[in-house]
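I'd like to ask you about the structure that follows.
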There are 2 protein chains.
Amino acid sequence: MEISDACQAFSALSQTSRLEVLKLLVRAGPAGLAAGKISGALGAPAPTMSFHLKELERAGLILSRKEGRSVIYAADYGGVRDLVDFLLADCCQGDKRLCGPYVIKECA
Amino acid sequence: MEISDACQAFSALSQTSRLEVLKLLVRAGPAGLAAGKISGALGAPAPTMSFHLKELERAGLILSRKEGRSVIYAADYGGVRDLVDFLLADCCQGDKRLCGPYVIKECA
DNA sequence: TCCATATTTCCATAAATATAAAATTATACT
DNA sequence: AGTATAATTTTATATTTATGGAAATATGGA
């Protein structure tokens with residue numbers, strides 16, 4: 001992942017409405033939600049939400065598909081994962097003893 | 001973590017210079033780097049970099065300490081971790097069967 | 001075809017953010 | 001005290017981004 005891609009993704013998340021959209025879609029799961037449901041749920045006018053959804057899609061964080069008259073948006077889990085990985089890549093020059101306790105999750 | 005905190009953190013990362021700073025500090029490890037070294041390494045004037053460093057610190061992504069005349073900045077691994085966790089909290093309403101393959105990392 | 005619904009594009013305005021020069025503060029050394 | 005170094009604050013300007021009304025596009029049903 002290029003730094004400009006990561007930057008665009010973080011930029012997409014740097015706005016309350018858009019962050020709320022992603023959280024909503026992460027909660028909703030792969031089934032996703034229609035654009036109208038999203039703008040309704042978050043109380044934003046349709047044009048405003050359309051602008052934000054396009055931004056999130058351009059950033060590779062959500063996906064869209066058409067179903068009848070609706071456009072269904074869903075979280076792009078792969079994209080989110082790539083972004084997280086980018087942030088911690090090459091951590092401590094590869095020496096995980098330095099930061100491991102802070103960064104590595106216990107596994108179940 | 002409040003959504004406004006997460007938003008502020010993503011906002012801090014939504015800018016190439018600042019994202020480069022965090023990557024640089026993540027690579028540098030807990031020892032960190034002096035403000036002057038950072039602005040030198042990234043080719044930005046001191047006031048500009050000072051503005052960006054303050055932004056990253058305010059967002060809880062880096063820490064600073066004074067050493068003589070220098071101010072040493074280092075990645076705040078706990079803060080980064082909290083941010084990542086926020087993004088995927090309550091994923092698929094807790095049913096990891098839906099998105100697990102995309103989100104959960106294999107453990108070594 | 002005509003109408004209602006769903007969403008987007010266009011556009012103008014408002015608001016937030018980045019940049020860097022100049023001035024300021026703080027520390028160390030002689 | 002005097003001087004050099006390190007970093008920050010102040011300030012003004014330039015740039016980017018968000019917002020939502022009005023108009024346009026696309027689909028499905030009567």
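Throughout, a chain's letter reflects where its sequence line sits, starting with A, and its residues are numbered from 1. It should be emphasised that the depicted structure is a prediction, and the values quoted were computed from it without experimental measurement. The basis for the numbers below is simple: all heavy atoms, side chains too, and nothing from hydrogens, waters or symmetry mates.
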Rounded to whole Å, CZ of Phe51(A) lies from C1' of dT16(D) at a distance of 10 Å
Considering only heavy side-chain atoms of Arg69(A), the closest of dT19(D), dT5(D), dG28(D) is dG28(D)
#### Entry: Below 4.0 Å: OP1/OP2 of dT16(D) and any side-chain N or O of Gln15(B)
no
Exercise. Any donor and acceptor pair, going by atom type alone, linking the side chain of Gln15(A) with main-chain N or O of Ser17(A) inside 3.5 Å?
Worked result: yes
Heavy-atom nearest pair, Leu63(B) first then Glu57(B), reads C-OE2, 4.2 Å
- Would you classify Ser70(A) as touching base, sugar-phosphate or nothing, given that sugar-phosphate means primed atoms plus P, OP1 and OP2, and contacts are heavy atoms under 4.0 Å? sugar-phosphate
| With no hydrogens and no angle check, is any side-chain donor or acceptor of Arg18(A) less than 3.5 Å from a backbone partner on Leu13(A)? | no
Hits for salt bridge (Lys or Arg N to Asp or Glu O under 4.0 Å) against Glu67(B), two or more places apart or cross-chain, chain-then-number order -> Arg65(B)
Students should find that the nucleotides of DNA chain C closing off the region near chain B, any atom under 4.0 angstrom from a heavy atom, are dA18(C) to dA28(C)
Taking only side-chain N and O atoms of Ser39(B), does any of them lie within less than 4.0 angstrom of OP1 or OP2 on dA7(D)?
no
Main-chain N/O of Pro47(B) paired with Ser50(B) side-chain donor or acceptor, under 3.5 Å:
no
Assign each of Pro45(A) and Gly68(A) the nucleotide of DNA chain D bearing its closest heavy atom; nearer the 5' end lies the nucleotide of Pro45(A)
When rounded to whole Å, the CG to P distance for the pair Leu33(B) and dA7(D) reads 11 Å
Exercise for the section: Determine the contact category for Ala35(A): base if any of its heavy atoms lies under 4.0 Å from a base atom, sugar-phosphate if only primed atoms, P, OP1 or OP2 are that close, otherwise nothing. Expected result: sugar-phosphate
5'-most contact on DNA chain C (nearest-nucleotide basis), Ser50(A) vs Ser14(A), goes to Ser50(A)
When rounded to whole Å, the CD to C1' distance for the pair Glu57(B) and dT8(D) reads 12 Å
**Q.** Any Tyr73(B) side-chain N or O less than 4.0 Å from OP1/OP2 of dA6(D)
**A.** no
When rounded to whole Å, the CG to C1' distance for the pair Leu53(A) and dG20(D) reads 15 Å
Does OP1 or OP2 of dT17(D) have a side-chain N or O of His52(A) closer than 4.0 Å?
no
*Ignoring hydrogens and angles, tell me if any N or O in the side chain of Lys23(B) forms a donor-acceptor pair with the backbone of Phe86(A) under 3.5 Å.*
yes
Atom CE of Met49(A) and atom P of dG21(D) are separated, to the nearest Å, by 14 Å
Sorted by position of nearest nucleotide on DNA chain D, 5' first, the leading residue of Glu67(A) and Ala44(A) is Ala44(A)
Contacts of Glu55(A) meeting salt bridge (Lys or Arg N to Asp or Glu O under 4.0 Å) (sequence neighbours excluded), chain-then-number -> Arg58(A)
